[in-house]
Amino acid sequence: MAHHFSNQEVAGKLREVAAAMEVRGDDGFRIRAYENAAVAVDNLSSEAFDLWEAKKLDEIPGVGANLAQHLDDLFRTGSVKHFTKVKKPLPAGMFALLDISGVGPKIAYTLSKQFGLTKSETAAVKLKKALESGKVADLEGFGEQSQERLLTAVTGFLKKKGPERLLLPVAEKVAEGILSYLSSCPEVIKASALGSLRRRVPTVGDVDIGVATNQAGAVVDFMKQYPAANRLVAAGEGLVRLELTNKLTVDVKLVNPTEWGSLLQHFTGSKNHNIVLRELALKQGKSLSEHGIKHEARSTKQEVRKYDNEEDFYKALGLTWIPPEMRENAGEIEVSEQRKLPQLVELKDIKGDLHTHTDYYWISSHDAGTDDISTLLETAKKLGYDYLALGDHNPSISSYNENKIISLIKERKEYIDKIISTRENKVKYSSIKVLNSLEVDIRPDGTLAIPEEALKYLDFAVVSIHSSFAMKKEEQTKRVLKSLFYAKVKILGHPTGRLINQREELDIDFNAVMAECLKRNIALEINAIPQRLDLPETLVRQAVKLGVKLAINTDAHSADQLEQMRYGVDVARRGWAKKQDIVNAWPWEEFQHWLTG
DNA sequence: GCCGTTTTCGGCCCGACTGTTTTCAGTCG
Ligand SMILES: Nc1nc2c(ncn2[C@H]2C[C@H](O)[C@@H](COP(=O)(O)OP(=O)(O)OP(=O)(O)O)O2)c(=O)[nH]1
Ligand SMILES: [Mg+2]
Ligand SMILES: [Mg+2]
Ligand SMILES: [Zn+2]
């Protein structure tokens, strides 16, 4: 009988063993191997359990024969003898303390042992009591200050709900506030948002800001006065770390302008990109840091050569500059070395939006848009688009019968034709081709929520799932495949159905779906709504590899939301998509050929 | 423990800050 564990549970177990090994004083590299494996399992795009069933555990980078064997024990029997043995001598409560900031294995162990924290459920609360009683300050290696610091950290930990990461646009707003504040500091020469923000990761854990200055001390003092700061976490000559009133952490790293290039590289990350880059440098006899490159890392001469721009920094390693969105240690260093970096799609390549909602007046199956056709066209024109598809939700099938739906869709076509052919609009929007589309629900049985007869009134259809999210993989996959069979279907909308921080992805076999898309010349949508960003980047990457086409759409429910295209392009770039992979980056003629072909 | 354009041994990123401690360990990014 197999025992199921989620990726997060498996990663948690690996981290606990790593922490236990740290306390035991085991080899640091072996510990790192456990931590690496934990991160790898955490970030897996499929379930480790499924990989185990398919006997493919050791295909996870960072999981080798040994760990695969341990995880095999875990999934078969529900526990791992070796893990249990390593953790047994240690107080069980210590593992519950590891997520408290500033508490690592050593401190967790010392305090758990000292105060008898044997249960994970009560460990943090008991520790707080001990800290409040003042007993911690008397322990060897601790003092009044560390006691105070720990109390703040434990209190924050106990208040915290979950490890929520911010959506990219929310973090962008925070960063803009800080950058605007920094721009009024005369000693700041350059300032940029780096870290996950610059890599355009869909969710952001903290806000990282790089600063170039010749007077770091003055900038540090200036940052300490930031109005939205709640607490100063750390400060030195190269760093200020603040906790904001909304509990978000801000890291500001400072270097001289001569070191700007190396800071950009380092502080953009990702961590794994940095580590692999540094390992590559070591093989070349160089050593990298945010301050520059030691070109003779092994000699006694330790001169650090400085780089004021990133291009030169990468060039010094024999690489061409790598777009931040690609810096995830997913093969980008190799392709840069081989001069085979893809020319990633850019926002300015986008020539139209293929999924937008208007305020059209029927009772629709889901939320309608709030702006009319002309308002959308106005914005589309401002964005320089060559084409725009109006894709309202289908009429509600519980409100209308089939014949009524057919006549409604016919009526809508006539209405759109009329609007765009008025003399005024013909002149105003002459540069934009308007497409008559619908976002049609895929019903649980895979049929469409409009009669087939109505499809002839559309230029094309986007089909999407908006119900029955919990179906089993086989059934859900069949459902999607069936929907792709209908005439006029050209785009599968928000294919995984995920809502970041809220709803998991649908259980779908995307190998099968992509094969079908390829066969039928159907595009997968990259929905640009920041909470969706769906397709997720790993599936984008897979689609690009297979040659499956993609459409980046805003799914705008108001004219201003047409401007969220950027977030979809970010995902496309993180999935290594080129202009040729994105149907709405094609000129009208080419796009139209695809649409009707 | 993992891993392989100097493959199955011998490497494994590098620095900032804190706090308690006379020279550094622990934690974090
Ligand atoms: N070389 C190296 N660089 C690191 C390490 N940890 C972090 N960095 C660099 C790369 C990161 O992108 C950058 C900022 O660190 P963060 O912890 O804020 O990570 P990041 O912003 O990538 O993700 P986040 O959304 O904050 O979780 O600092 C490390 O262990 N080694
Ligand atoms: Mg960050
Ligand atoms: Mg950070
Ligand atoms: Zn939808």
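Chain identifiers are assigned alphabetically (A, B, ...) following the order of the sequence lines, protein sequences preceding nucleic acid strands; residue numbering begins at 1 within each chain.
Across the protein-nucleic acid pair, A:Gln265 atom CD and B:dC14 atom C1' stand 12 Å apart, rounded to whole Å. Rounded to whole angstrom, the span from the CD atom of A:Glu243 across to the C1' atom of B:dC28 amounts to 15 Å. Look at CG on A:Asn272: it is 13 Å from P on B:dC3, rounded to the nearest Å. With rounding to whole Å, A:Asp206 atom CG is found 7 Å from B:dG29 atom P. The nearest whole Å value for the distance from the CD atom in A:Glu35 to the P atom in B:dG26 is 14 Å. Atom OH in A:Tyr109 sits roughly 13 Å away from atom P in B:dG26 (whole-Å rounding). A straight line from CD of A:Glu22 to P of B:dA25 spans 13 Å, rounded to a whole angstrom. One atom, CG of A:Leu263, and another, P of B:dG29, lie 16 Å apart when rounded to the nearest Å.
Using a 4.0 Å cut-off, some side-chain N or O of A:Asn66 falls inside it from OP1 or OP2 of B:dC2. Here A:Lys271 does not reach the OP1 or OP2 of B:dG29: none of its side-chain N or O atoms lies under 4.0 Å away.
Atom P of B:dT21 sits at a distance of 24 Å from the matching atom of B:dA16, rounded to the whole Å. Between B:dG11 and B:dT6, the two P atoms lie 15 Å apart (nearest whole Å). The separation of B:dT23 from B:dC28, taken at their P atoms, amounts to 26 Å, rounded to a whole angstrom. Nucleotides B:dT7 and B:dC2 place their C1' atoms 13 Å apart, quoted to the nearest Å. Look at the P atom in both B:dT18 and B:dC12: the space between them is 29 Å, to the nearest Å. B:dG1 and B:dT8 have their C1' atoms separated by 14 Å, with the value rounded to a whole Å. Distance check on atom C1': B:dC17 versus B:dG10 gives 33 Å, rounded to whole Å.
Contact annotation for A:Leu232: no contact, since no heavy-atom pair falls under 4.0 Å across all strands. In this structure, A:Val63 reaches the sugar-phosphate backbone alone: every heavy-atom distance under 4.0 Å involves primed, P, OP1 or OP2 atoms, never a base. As judged by a 4.0 angstrom heavy-atom cut-off over every strand, A:His82 is placed among residues touching the sugar-phosphate backbone only. Across all strands, A:Ile107 comes closer than 4.0 Å only to sugar-phosphate atoms, never to a base (heavy-atom distances).
In B:dT7 the O4'-C1'-N dihedral to the base is within 90° of 0, which defines a syn nucleotide.
Ion pairing between a basic and an acidic side chain is recognised when a charged N comes within 4.0 Å of a carboxylate O; A:Asp534 and A:Arg503 show no such pairing. Classification of A:Glu310 and A:Arg327 as a salt-bridged pair holds, one side-chain N sitting under 4.0 Å from a carboxylate O. Between A:Lys247 and A:Glu243 a salt bridge is recorded (basic side-chain N to carboxylate O distance below 4.0 Å).
Other residues, nucleotides and ligands contribute only 12 or fewer heavy atoms inside 6.0 Å of the CD atom of A:Glu148.
Pair check for B:dC14 finds B:dG29; Watson-Crick or G-U wobble, both atom distances under 3.5 Å.
The aromatic rings of A:Tyr34 and A:His82 sit tilted relative to each other, their planes meeting at an angle between 30° and 60°. Ring geometry for A:Phe49 versus A:Trp52: interplanar angle of 30 to 60°, hence tilted.
Distance from the side chain of A:His70 is smallest to B:dG1 among B:dG1, B:dC28, B:dG26.
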Checklist entry - Quick one: what's the B/S/- string for nucleotides 4-12 of chain B, heavy-atom cutoff under 4.0 Å, read 5' to 3'? => result --------B
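In this structure, the side chain of A:Asn256 does not engage the main chain of A:Glu259 through any donor-acceptor pair within 3.5 Å. With A:Asn7 contributing its side chain and A:Ala48 its backbone, the two residues share a donor-acceptor pair below 3.5 Å.
No side-chain heavy atom of A:Phe115 sits under 4.5 Å from any side-chain heavy atom of A:Lys126.
If you run salt bridge (charged side-chain N to carboxylate O under 4.0 Å, His left out) between A:Arg574 and each of A:Glu328, A:Glu325, A:Glu332, only A:Glu328 comes through. Screening A:Glu172, A:Arg200, A:Gln531 for a side chain to side chain donor-acceptor pair (under 3.5 Å) with A:Tyr567, the sole residue that qualifies is A:Glu172.
Nearer the 5' end of DNA chain B, as judged by each residue's closest nucleotide, is the contact made by A:Gly62, out of A:Gly62 and A:Pro105.
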Under 3.5 Å between N/O atoms: give me all the protein pairs with nucleotides 15-22 of chain B, atom names plus distance.
| unit_1 | atom_1 | unit_2 | atom_2 | d |
| --- | --- | --- | --- | --- |
| B:dG15 | OP1 | A:Lys294 | NZ | 3.4 |
| B:dA16 | OP1 | A:His291 | NE2 | 3.1 |
| B:dC17 | OP1 | A:Gly236 | N | 3.3 |
| B:dC17 | OP1 | A:Glu237 | N | 2.9 |
| B:dC17 | OP1 | A:Gly238 | N | 2.9 |
| B:dC17 | OP1 | A:Leu239 | N | 3.2 |
| B:dC17 | O3' | A:Ala235 | O | 3.4 |
| B:dT18 | OP1 | A:Ala235 | N | 3.0 |
| B:dT18 | OP1 | A:Ala235 | O | 3.2 |
| B:dT18 | OP2 | A:Ala235 | O | 3.1 |
| B:dT18 | O3' | A:Arg149 | NE | 3.3 |
| B:dT18 | O3' | A:Arg149 | NH2 | 3.1 |
| B:dG19 | OP1 | A:Arg149 | NE | 2.9 |
| B:dG19 | OP1 | A:Arg149 | NH2 | 3.4 |
| B:dT20 | OP1 | A:Gly143 | N | 2.9 |
| B:dT20 | OP1 | A:Gly143 | O | 3.4 |
| B:dT20 | OP1 | A:Ser146 | N | 3.1 |
| B:dT20 | OP1 | A:Ser146 | OG | 3.0 |
| B:dT20 | OP2 | A:Gln145 | NE2 | 3.3 |

